[in-house]
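Have a look at the structure below before the remarks.
Residue numbers begin at 1 in each chain, while the letters A, B, ... track the order of the sequences.
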2 protein chains.
Amino acid sequence: MTGNPPRLRDTPTAQDATPPRPYHHGDLRSALLSAAEAELAERGMEAFSLRSVAKRAGVSHAAPAHHFGDAQGLLTALAAEGFRQFLAAQAAREAVADKDPASQLVAAGMGYVDFAMARPTLFRLMWQSNRPDFNSPDLGLAARAAFQHLVDQVAEAGGRTTADEAAVWALAHGLADLLASNRLRGVGSLDPAARDAMLSGIIRRALPGA
Amino acid sequence: MTGNPPRLRDTPTAQDATPPRPYHHGDLRSALLSAAEAELAERGMEAFSLRSVAKRAGVSHAAPAHHFGDAQGLLTALAAEGFRQFLAAQAAREAVADKDPASQLVAAGMGYVDFAMARPTLFRLMWQSNRPDFNSPDLGLAARAAFQHLVDQVAEAGGRTTADEAAVWALAHGLADLLASNRLRGVGSLDPAARDAMLSGIIRRALPGA
DNA sequence: CTCCTATCTTGACAGTGTAAGGATATGGGC
DNA sequence: GCCCATATCCTTACACTGTCAAGATAGGAG
């Protein structure tokens, strides 16, 4: 299938035409993570295949096992990494926003949506899939951190009730999810500036005391 | 596996101990749909297996093909049926709500959430999966009807802008999705009456002119 | 240099979706 | 009553998937 005959490895002299990928990849773990996300983005959440990921990384179909155990392990690690970048996307928005609590909260919501639109399949893996193991310490921690960040910001913006938290979270999450699956075409097709303006206006509706 | 030897069928006399399910099921199509939803609810969106569905319906693994073509066909039909019941859930709330446009809109949002909490996996199939074929006339029509119902109600409640539609939809959708995946435990664990009160209060925040 | 360990490959197995063709019932025409 | 056209369901086969077990290979510690 690959056309690579399983020939024994000779010392990699210059005359070796086929550039022999070394037996040991060097950084297979992160290579598999990027390959996994690429596969996820191209073929979709449902058609995800561990063997395809391995092939994309140029490695045998059983190589991922050593680093991640099984497919769930890979997806768990990928989701955890996703949650960290998810928080980073929010931080990026917060850094350029006004420093008052309300603006910071809105900025976090914008980052929430940014991430979902930029990497919709990863977003789906994190929020709507049960393939990752959310009991994993790594993933559990990363996911909880994302949630806690929101709760903190709502509190700083004057939110005190469960309803305040739920309202802001649900609104941001709903916008993100609908935009990620391209169902809010009236909003998603706007140019970035206009979209930002509309989104921030919408998010403000959920703010405590609005 | 089933213990049913592939013996030829003799006339079903009373002495026939093993009650022979007739060769023709009678209503296999709808039996497969219910089996599919049950499998979906029990084993989750990702572990869905066409062969398990067939086994649950007491039929060979290739029997679904005749009625639905392939797995995507079955899931498409299931999602379409889901959208119809989704609208019915909203109608049920609207029927018992005050008749002013704002209350009707809130009621529709509550029905939105009701459905997601009652049948989370089906909700996920409809909104976050790409396994159903959304270009199918049947599913496309059902999904569009659900969307149109919301747009109409927003308009009647005084909504005029894209932002109004997006705000109400996203808030209801976010609540539904987070509750379906059990991430809003502070809301989801309330008793129905208290939860209704909180949810309607939240949804009202997104209303135009609130 | 030797050996230990981590890394990667090969090969096998059960389970999956789908296609092709055979078996069985149902009903309409005679 | 008989015959067959059709719809329904089954059996078989194939490629692909995830996982496991066992072997091959490299790199580093001693």
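Residue order along DNA chain D, read from the 5' end via each residue's closest nucleotide, puts A:S52 first among A:A62 and A:S52.
In terms of the side chain to side chain donor-acceptor pair (under 3.5 Å) criterion, A:R144 has no residue partners (sequence neighbours excluded). Among residues two or more places apart in sequence or in another chain, the side chain to side chain contact (heavy atoms under 4.5 Å, CB included) test is passed with B:S34 by none. Residues satisfying the side chain to side chain contact (heavy atoms under 4.5 Å, CB included) criterion with A:D133, sequence neighbours excluded, are A:Q72, A:T76, A:N135, A:S136. Considering only residues two or more places apart in sequence or on other chains, B:F134 meets the side chain to side chain contact (heavy atoms under 4.5 Å, CB included) condition with A:R183, B:F83, B:P132, B:L139.
Protein atom NE2 of B:H66 is 17 Å distant from nucleotide atom C1' of D:dT11, rounded to whole Å. When the C1' atom of C:dG17 is taken as reference, atom CZ of B:F68 falls 16 Å away, rounded to whole Å. Taking atom CZ on B:F48 and atom P on D:dT17, their separation rounds to 19 Å, with Å as the unit. Rounded to an integer number of Å, the gap from NE2 of A:H67 to P of D:dT19 is 16 Å. To the nearest angstrom, P of C:dG17 lies 13 Å from CD of A:E46. Look at CG on A:D27: it is 15 Å from C1' on C:dC8, rounded to the nearest Å. A:L50 places its CG atom 5 Å from the P atom of D:dG18, with the value rounded to the nearest Å. For B:L28 and C:dA25, the CG to P distance is 16 Å, given to the nearest whole Å.
Side-chain N/O atoms of B:S49 include one lying less than 4.0 angstrom from OP1 or OP2 on C:dG17.
Aromatic ring pairs are classed by plane angle as parallel below 30°, tilted from 30° to 60° and perpendicular above 60°; the pair B:F123 and B:F115 is tilted.
Nearest approach of A:S181 to A:R124, heavy atoms of both residues: CB-NH2, 3.7 Å.
Counting non-hydrogen atoms under 4.0 angstrom, A:A63 reaches a base of the nucleic acid.
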Please tabulate, for side-chain N and O atoms in residues 165-175 of chain A, each donor-acceptor pair with protein atoms closer than 3.5 Å (sequence neighbours left out).
{"from": "A:W169", "atom 1": "NE1", "to": "A:Y112", "atom 2": "OH", "distance (Å)": "3.0"}
{"from": "A:H173", "atom 1": "ND1", "to": "A:Y112", "atom 2": "OH", "distance (Å)": "2.9"}
{"from": "A:H173", "atom 1": "NE2", "to": "B:D177", "atom 2": "OD2", "distance (Å)": "2.7"}

Show the distances under 3.5 angstrom between N or O atoms of the protein and N or O atoms of nucleotides 12-14 of chain C.
none

